[in-house]
Trainee: 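Just passing along the structure, written as structure tokens.
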Amino acid sequence: MKHKKRKGRSVQQLLGVQSFTKYGIMTDAGELLLYRVAPTNISVLSASNIGIKIRHLKMLLSAIPDLEMICTDSCECFDDNKAYLHSRAMLESNPHVRSLLLKDRDMLTGMQAEMSNARQFVLVKRCKGMKPEQVFVAMNRVLKAVTEQGFEVQRMTKADIKRLIAIYFGASMDGDLMPDVDGGQFFEEVEA
């Protein structure tokens with residue numbers, strides 16, 4: 001079977017993402033290593049403990065100055081779904097159906113409120129022009145430096161990275177289930 005590919009650039013090409021690697025993502029600008037850092041609830045810490053956390057973060061950034069940070073929602077936004085349910089309810093003539101649509105909207109509002117403080121923090125290390133052995137050393141160096149400063153860190157798996165990208169682009173909560181190759185679902189099978 002032959003596949004006929006649609007013309008145009010894929011999202012993957014536009015972003016400069018080439019493939020997943022053993023440790024992260026290969027991009028046009030080199031390999032990216034991604035680490036998820038567990039957030040600290042500073043609202044329960046004393047002022048001196050907050051100062052200590054800030055000092056530890058400064059020390060981490062001094063040890064690895066090219067480390068980048070991403071703060072993003074850890075779940076998708078429900079605003080479009082809520083707006084749809086509201087507009088659909090306003091058009092509905094059956095009061096029972098309207099009531100159910102409004103209850104669904106209220107349920108989404110409640111879910112969104114519960115998750116409003118659900119943030120995820122990601123550290124990114126760029127490894128440009130490095131051999132796989134060097135990337136492995138860099139990966140372990142970052143893990144060691146972050147943990148030494150008292151932060152709970154975990155290297156992101158392929159599924160974690162896919163979910164992060166999907167949430168960032170508002171695609172889906174099930175980003176980890178998306179195909180590895182962007183646009184693969186749009187290939188059309190053509191009989192040989």
Side-chain angles (χ1 to χ4, degrees), residues 6 8-17 20 24-25 27 32-54 56-57 60 67-124 146-147 150-188:
R6 291 186 180 184
R9 295 179 67 192
S10 69
V11 173
Q12 190 173 340
Q13 291 168 326
L14 290 170
L15 295 176
V17 174
F20 287 98
I25 302 175
T27 69
L32 301 179
L33 306 176
L34 293 99
Y35 307 86
R36 182 183 19 240
V37 179
T40 302
N41 185 356
I42 63 171
S43 65
V44 297
L45 295 179
S46 67
S48 62
N49 282 338
I50 292 172
I52 290 169
K53 281 289 188 189
I54 292 170
H56 286 178
L57 182 58
L60 173 63
L67 203 58
E68 299 174 37
M69 289 184 265
I70 300 170
C71 175
T72 185
D73 291 333
S74 64
C75 60
E76 70 183 320
C77 180
F78 298 109
D79 291 341
D80 290 343
N81 292 337
K82 288 175 9 186
Y84 169 77
L85 289 172
H86 179 76
S87 65
R88 177 69 181 80
M90 295 304 108
L91 297 173
E92 181 57 52
S93 59
N94 184 326
H96 298 294
V97 174
R98 182 181 316 117
S99 173
L100 289 172
L101 289 167
L102 292 174
K103 284 181 182 180
D104 283 349
R105 183 200 61 191
D106 294 343
M107 185 236 0
L108 288 179
T109 300
M111 287 174 61
Q112 189 172 20
E114 288 175 17
M115 295 188 291
S116 66
N117 61 354
R119 302 280 184 255
Q120 70 180 343
F121 300 89
V122 178
L123 299 175
V124 180
V146 175
T147 54
F151 295 101
E152 189 179 323
V153 65
Q154 179 183 27
R155 187 174 61 85
M156 293 180 75
T157 64
K158 181 179 178 179
D160 295 333
I161 295 168
K162 288 166 81 173
R163 186 171 185 273
L164 172 72
I165 292 169
I167 291 170
Y168 183 80
F169 286 104
S172 169
M173 281 293 291
D174 300 321
D176 52 336
L177 303 175
M178 290 183 168
D180 290 355
V181 178
D182 181 40
Q185 66 272 28
F186 298 111
F187 281 90
E188 297 174 18

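For this chain, numbers begin at 1 and follow the sequence in order. All values below come from the heavy atoms of this structure, side chains included, with hydrogens, waters and symmetry mates left out.
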Trainee: Is there a donor-acceptor contact under 3.5 Å from the side chain of S87 to the main chain of A83?
Mentor: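 Judged by distance alone, yes, a pair lies under 3.5 Å.
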Trainee: Can you find a heavy atom in the side chain of V122 that is under 4.5 Å from one in the side chain of L164?
Mentor: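 Yes. Closest side-chain heavy atoms under 4.5 Å.
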Trainee: Looking only at atom types and distance, does a side-chain atom of R105 sit under 3.5 Å from a main-chain N or O of L85, one as donor and one as acceptor?
Mentor: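 It does not hold such a pair.
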Trainee: Looking only at non-hydrogen atoms, find the nearest pair between L102 and A89 and report the distance.
Mentor: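 Nearest pair, atom of L102 first, then A89: CD2-CB, 3.7 Å.
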Trainee: What is the distance from atom CG of L91 to atom CZ of R88, rounded to the nearest 0.5 Å?
Mentor: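 Rounded to the nearest 0.5 Å, the CG-CZ separation comes to 7.0 Å.
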Trainee: Determine whether L45 and K53 make a side-chain contact, defined as any pair of heavy atoms from C-beta on separated by less than 4.5 Å.
Mentor: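 L45 reaches K53 side chain to side chain.
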Trainee: Looking only at atom types and distance, does a side-chain atom of D160 sit under 3.5 Å from a main-chain N or O of T157, one as donor and one as acceptor?
Mentor: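 Flag set: sc D160 to bb T157 pair under 3.5 Å.
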Trainee: Looking at CG of L60 and CG of L57, how far apart are the two atoms once the value is rounded to the nearest 0.5 Å?
Mentor: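 Between L60 CG and L57 CG, I get 6.0 Å after rounding to 0.5 Å.
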Trainee: So, taking the atom named CZ in F121 and the one named CZ in F151, what distance separates them when rounded to the nearest 0.5 Å?
Mentor: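 One gets 10.5 Å once the value is rounded to the nearest 0.5 Å.
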Trainee: Can you tell if the side chain of K82 reaches within under 4.5 Å of the side chain of T109, non-hydrogen atoms only?
Mentor: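 A side-chain contact exists here, since the closest heavy-atom pair is under 4.5 Å.
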Trainee: Which distance, rounded to the nearest 0.5 Å, do you find between the CD1 of I161 and the CZ of R36?
Mentor: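 It comes to 10.0 Å.
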Trainee: What's the spacing between L108 CG and N81 CG if we round to 0.5 Å?
Mentor: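 One finds 6.0 Å between CG of L108 and CG of N81.
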Trainee: Working to the nearest 0.5 Å, report the span between OH of Y35 and CD1 of I70.
Mentor: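 Between atom OH of Y35 and atom CD1 of I70 there are 13.0 Å.
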Trainee: Is there a side-chain contact between L123 and L34, using heavy atoms and a 4.5 Å cut-off?
Mentor: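 Result no, sub-4.5 Å side-chain heavy-atom pair not found.
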Trainee: Can you tell me if CD on E68 sees more than 12 non-hydrogen neighbours from other groups inside 6.0 Å?
Mentor: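 It does: E68 CD has more than 12 such atoms within range.
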